Structures are given as structure tokens and as C-alpha cells.
Amino acid sequence: MDFIIAAVVEAVKHLYQTDITADAINLQETRKEFEGQVTIVTFPFTKFSRKSPEQTGAEIGEYLKANLPEVAAFNVIKGFLNISIADSYWLNQLYTEILPDTFAVAKPNGKKVMVEYSSPNTNKPLHLGHVRNNLLGFSVAQILDAAGYEVIKANLVNDRGIHICKSMLAWQLFGNGETPESTGEKGDHLVGKYYVIFDKEYKKEIEFLKFEGQTDEEAKKNAPLIKQAQEMLLKWEAGDEEVINLWKTMNTWVYDGFGKTYNALGVAFDQFYYESNTYLLGKDIVEEGLAKGVFFTKEDGSVWIDLTADGLDEKLVRRSDGTSVYMTQDLGTAQLKYDDYKMNESIYVVGNEQDYHFKVLFLILQKLGKTWAQGLYHLSYGMVDLPSGKMKSREGTVVDADDLINEMEQTAKEQTEALGKVDGFSEEDKQHLYHTIGMGALKYFLLKVDPKKRLLFDPNESVDFQGHTGPFIQYTHARIKSVMSRAGVDYADKIDIQELSAVERDLIVILTQFPAIINDAAKEYSPAVIANYIYELAKIYNKFYHEKSILQAEDESLKKFRLQLSAASAKVISKGMGLLGIEVPERM
RNA sequence: GGUCCCAUAGCUCAGCUGGAUAGAGCAACUGAUUUCUAAUCAGUAGGUCUCAGGUUCGAAUCCUGAUGGGAUCACCA
């Protein structure tokens, strides 16, 4: 619609002898209740015209109509100039933009971006919070790719530390040599089970010590189990063979389990980083910071940065005993990633509980003079809460990812069977369909809301399959495909249509917006933008489907035209859902 | 207590850099299937956009303050 804006600039110049810039023009979609497709707000021009908003609108409208063949008509209501664009323009859009294979395929923009997401701990299975993270990260990566970026999907696995030692120790003490093979249990769940056992036994010890007269704090510190876990961590760091072997074995179990969950979620990675390899990084950055005078040393030898001038606090970057803290590692890992890929942007998909950490991390890197630090971005998303409040793994109030996936498939199965829609499906096709629909419902549910906002999930209320949902959109797609497969004619050629009905025009109008929507979503790192757009599109298509007969159209060329419109809609739905990581079925 | 985030229909959410009578879905009610898939469509009802000021021709949107909710402020990660 840039040509409209340019013409308005011309109009204002011609009518009122005033030069305005394109961004001073407020162009918006015309509201449904009025005639037209685009609307210009004319209030701002009254300063130059020194006439009423109505008159100003009328004058600009006349000018546009006289000078632009695409402008078919206009009407003015108060300060709003509603413009009707000629059907020939929309038809041209359909044939030259939307239908060609190049539609919404961005030219590479020459920029490289890394999206780090998932980043699990290897001591317990994934839960709903991780699911949101994974779906968000994967979708944002798809969207950036579609917007022309070269994307590297990275996963920084937290595979070391005291929490893993807890699982290892509990397994050693209470595991009786259990393995995923011997129990048939998924590896990550087996390891998670021992993490819970550790916690239970540890609590018992604390109670006992308190009974003996120790304070809560003392008991927590003196319990034999925690001491053993700490010893184990020291042994791990010293490279003790037995501990390392156990660690490797149990991590293998976990990766095997995660792999299955990632697979079911449909997410993937190009690069894995492991904290066991990166936890010692960042020490040279500490030295660099000291040399540059960005960091300072306290009497006890600990190293800090003073950020009080920036409204933040003093932050520790190296312990007094010389070891790393979280921040040290992250500084080092940021450098490592940049050295590996020299990307223009780097996105961290991490929950908003770490807002402060990333604020500090990025600020430190800037103060160290890392020019690439400007490209760092914390994609901070809201927590997933239950009606009972926050999920807590230790208290068992978590929604397990694998359980959830299974439940979604089960619900999809029940719904589908209740509707009797799987005649002629093989058993394998059925399973695949249930997975597609179940995951479609779940993914759409999680991705349609703004990432920044916290999300409420009620495990007792099943995710909807009707209305503003994934299955609604999937159903729309399946319906289109069904019509297309019954077409019985070749409809590849351009059809000469004189006039569009309102729904047909609306459909083309919304289809033309797709590339701009992808750019918006990329700019905001928001799959929700795509999700809401595709929903609007599906709604308009369903209205069209209901109002207009496709295969029984009045004449052959109209039938072909409507098939083309359908094909274009299916393409955009499929592609848009693909950006969300959601598959669309051919039949359902 | 300091800092940051959030508040829109009974519920879950849209609402673009300020623009028309604030929109969807769910739940409730009414209607549509001899016709391309009714997981659909059409309609009814549901709102002091938390509150109070301010800026503006115009505020759900921007500013200030208040209230309520959440996060964070470890030599944890």
C-alpha cells in the first residue's frame, strides 16, 4: 500500500503546499462496518488545509481518485477517508504476488542470528515450562528464517553441578543398578526419580538432625547426603574416573529421553553446547575486565563490577577462591558463541525470572567493549502458572511434558472418533493424525499468547479443539484440501474475473498481508503475531466456504478462480502454521 | 524495602508507532446440514479497558501517582 501513502504525500503537497513525510501518514485497515479497504486518518492534515476534517478528507480523496487508477471510490466519515481499491488491483495481487511460489519467501538479508533455547538441566524430565520455552524458541527460529536470516538453533545443556550429583548419588545408594532397559522407564524420568529420592532422603536427615538439636540451617549444611553430593562434585571436577563414568552413563539416559521428547515436540537444534565444557570459560574475560579496569578486586580476592551508576548493584564475577559463578560462565559462553559464528544477533530464550541476570550480562559485555554485545537480546517469556500457583518440581506440582503430550494425543483421538472422521485411515495414519491434532492444539494454545505474558494452564480443563484453536485452523486446511482434491479441473491459469464479492475481496486482502506479518513477528520475536493472523485468515476462509459454492460455482471460470483462492489460502495457512511448528493435515 | 513486569466481557486472550460505536474464542441462549468435511457458519446477550490525575482535536494505548498480582535483589544456576 506504499503507493497510496506516496500519493497522499503528493496530494498534500499539491493541495496545501506542504511537504510531509511518509511516516506522518496513518494508514490503517478500514473497519468492517464501512465501505473500503484502507483508511487514512485526516485529522493531522487539518493544520495544513485549514479546513474541516471532512472537507480535507474529501479533497484528498478526489485527488487520489483522479490520479490513481487503483482507487475506485472513496467515502469520508468524520476524519476518516475510506478508500476502495479497485478489484483489478486485488486480482493482480493474487496472480502476481500470492499465487507464485515466491510468495512470502524472503530474500536472504545477509544477517546471521543465533537462537538459544531449551537449555535443560540433566537431572529431571522436561515439564510444561520447558515446553513453552522449546516451542517459542523453535518458532522464533522459523520466523527469523522466513524473514531472511541465517539461523543457528543452539541448546546450552546444563549437564553438570550439584543437582546432577544429587541424582547420581541417590542412584548409587538406592538404585540397585536400575537402568532404563531394566525398568522400561524413559531415561530422563528414571534420573528424575532419583533426584526426587535424594530430596526425600535428604529431608529425612535434616529432620533427624533437627531432632538432635541442630538448627534448620545447620541441619541443611551437615546432613550426610548433601556432604556426599558435594564430595562427588569435587571428584567430578577432579576427573575421578568412577564418578565421570557414572555421570556419562546417566547423562546418556537423559539425552535419550530428551531426544524422544524433542522429537514429539518437533523441535531440533544445530548446535549443542555443554556446560561441562564451558563452565571454566570466562576466566580470561575476568582477567580482561581487570586489566581494563572494568572489574575490581575486594580484599578477600573476589572480583566484582560496580553497576550502581547504571541503577543496578555490585555484581560478583569471580569467587574469592578463584572459581566461576553463573555470570562468569555466561560471559565466557557468550564469547565462545560469537567466536564460533560471528553472528549479528544472538537471542536467549529464557524465562523472565532471569531478567536481571541478562540485563547485567549484556551490560558487562558492553562495558568490556564487545561491539557484538549490541546484538544480544533476552527473549524473556512469562512463566506458566497453574491455578494453584507456580510449578515446583520438588513439590511434585509439575505438568510433565511427556504426560501432557500423551494426554493431548488421547484427547485428539477421542474427539476424532466421536466425530467419526477416520474412515479409510490406516492405523498408522490414525496415530499420526492424533499426534498432529493433539500437538496442534497444545502448540497453538501456548503460542497464541504474547510471549511476554504469563500463562495460566489448568490441567483439569482440557485444551480446546474448537474456536480460536489449532485444530480449527487445521480443520480449515483439511477442508480446503478436500475441495481441491475433488476439483477435477486444471486451474493453473489466470482467470479473467470482473468483479469480486465482499468475502473474496476480504480473503485476497488478508492474504496479501502475510509477508508483512512475518516481518512484524520477526521484529517482535513473537509467534503470537503469526498465530492470530492465521486465525483471522482461517475465519475469513470459512466464511467464504460457507457463502460461496466452489465446485458448483455459477460458471467454470468462477469455479477455477475460487479454487485458486482456496489453494492460496491453504498455502498461507500451511506455511504460517509451519512457522509455529504446527503440521496441518490433508484430511481430518 | 529497592528494581523490573503485568492488570481489557464470568473465563482465556487480540487490540500495530495515540484515531471511528474496544474485538475474538470458551461458557449461556437462538438459528443453519437433500448442496464442496457442522472440529463449521449466522445471530442474541455480556465492558466505568483496576482507580485517580495529566498531555492531546482525540487515550485501552503516552506521562505521573495509587491499588492489586507476579518476578528479582546469593561467593545457587
Side-chain angles (χ1 to χ4, degrees), chain A residues 23 26 28-34 39 41-44 46-47 53 77-80 82 121 158 160-163 275 279 298 300-304 311-313 315-327 329-330 351-357 359 380 382-383 385 389-390 412 415-416 418-419 421 437 441 445 448-450 452-458 461 464-476 478-487 516-517 520 524 528-529 531-532 535-536 538-539 542-543 545-553 559 562-563 566 587-588:
Chain A
D23 53 338
N26 190 328
Q28 52 190 275
E29 262 183 84
T30 304
R31 296 178 66 122
K32 282 194 216 80
E33 57 265 44
F34 304 106
T39 293
V41 183
T42 59
F43 287 106
T46 55
K47 303 196 239 305
I77 294 163
K78 292 195 264 183
F80 300 89
N82 303 317
N121 290 349
N158 185 358
R160 65 162 288 279
I162 189 73
H163 44 283
E275 284 198 15
Y279 82 106
K298 287 194 177 175
D300 61 1
S302 56
V303 180
W304 298 73
L312 305 171
D313 302 314
K315 188 80 189 174
L316 178 84
V317 294
R318 193 174 73 192
R319 291 194 185 98
S320 52
D321 63 7
T323 58
S324 301
V325 288
Y326 183 39
M327 188 59 75
Q329 280 180 53
D330 267 10
N352 63 12
E353 55 195 352
Q354 295 198 40
D355 283 356
Y356 184 73
H357 173 76
K359 213 177 195 174
S380 162
M383 298 286 102
D385 290 326
K390 209 179 163 179
Q415 298 269 334
T416 307
L419 291 166
K421 293 220 174 181
I437 297 174
F445 177 80
K448 78 171 176 185
V449 316
D450 189 323
K452 293 194 292 288
K453 295 197 173 174
R454 61 189 272 267
L455 198 70
L456 189 76
F457 182 87
D458 189 345
E461 235 173 87
D464 277 329
F465 283 62
Q466 270 146 25
H468 189 182
T469 67
F472 168 88
I473 296 167
Q474 292 175 317
Y475 173 72
T476 307
R479 233 182 184 187
I480 297 174
K481 285 295 175 164
S482 170
V483 174
M484 285 168 69
S485 70
R486 288 162 196 262
I517 292 291
D520 282 357
E524 293 175 41
V529 170
N532 287 304
Y535 173 63
E536 286 303 319
K539 259 204 313 192
N542 279 320
K543 189 185 164 91
Y545 180 93
H546 200 260
E547 281 183 16
K548 303 293 172 188
S549 184
I550 298 163
L551 299 179
Q552 309 300 321
K559 170 177 166 180
R562 286 178 182 162
L563 280 163
S566 299
R587 289 193 296 159
M588 70 182 269

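Source: prediction; values computed, not measured. Values below: every heavy atom of this structure, side chains too, minus hydrogens, waters and symmetry copies. Proteins get letters first, then strands, A, B, ... in listed order; numbering begins at 1 in each.
Below the 3.5 angstrom threshold, one finds no donor paired with an acceptor across the side chain of A:Thr469 and the base of B:A39. No hydrogens or angles were tested; on distance alone, nothing pairs the side chain of A:Thr476 with the base of B:A39 as donor and acceptor under 3.5 Å. For B:A20, the base has a donor-acceptor partner in the side chain of A:Asn82 [N/O atoms by modelled type, under 3.5 angstrom].
A distance below 6.0 Å separates the ring centres of A:Tyr535 and A:Phe472.
Annotation: B:A28 and B:U33 have their C1' atoms spaced 23 Å apart (nearest Å).
Between the P atom of B:U56 and the NZ atom of A:Lys47 lies a distance of 13 Å, rounded to the nearest Å. Look at CG on A:Asn542: it is 13 Å from P on B:U37, rounded to the nearest Å.
Using a 4.0 Å cut-off, no side-chain N or O of A:Arg454 falls inside it from OP1 or OP2 of B:A7.
Residue-nucleotide stacking is present for A:Phe80 and B:A20, judged by a side-chain ring centre under 5.5 Å from the six-membered base ring centre and planes under 30° apart. An aromatic stack links A:Phe34 and the base of B:A20, using centre distance under 5.5 Å and interplanar angle under 30°. Under the stacking definition used here (centres under 5.5 Å, planes under 30°), the residue A:Tyr535 fails to qualify as stacked on the base of B:A24.
Panel note: side chain A:Lys448, backbone A:His468; a donor-acceptor pair is recorded below 3.5 Å. Looking only at distances, no side-chain donor or acceptor of A:Thr323 sits under 3.5 Å from a matching main-chain atom of A:Arg319.
Nucleotide B:A32 forms a Watson-Crick or G-U wobble pair with B:U40, both donor-acceptor distances falling under 3.5 Å. With a cut-off of 3.5 Å on both pairing distances, B:G18 has no Watson-Crick or G-U wobble partner at all.
At a threshold of 4.0 angstrom between heavy atoms, the contacts of A:Val41 include nucleobase atoms, whether or not backbone atoms are also involved.
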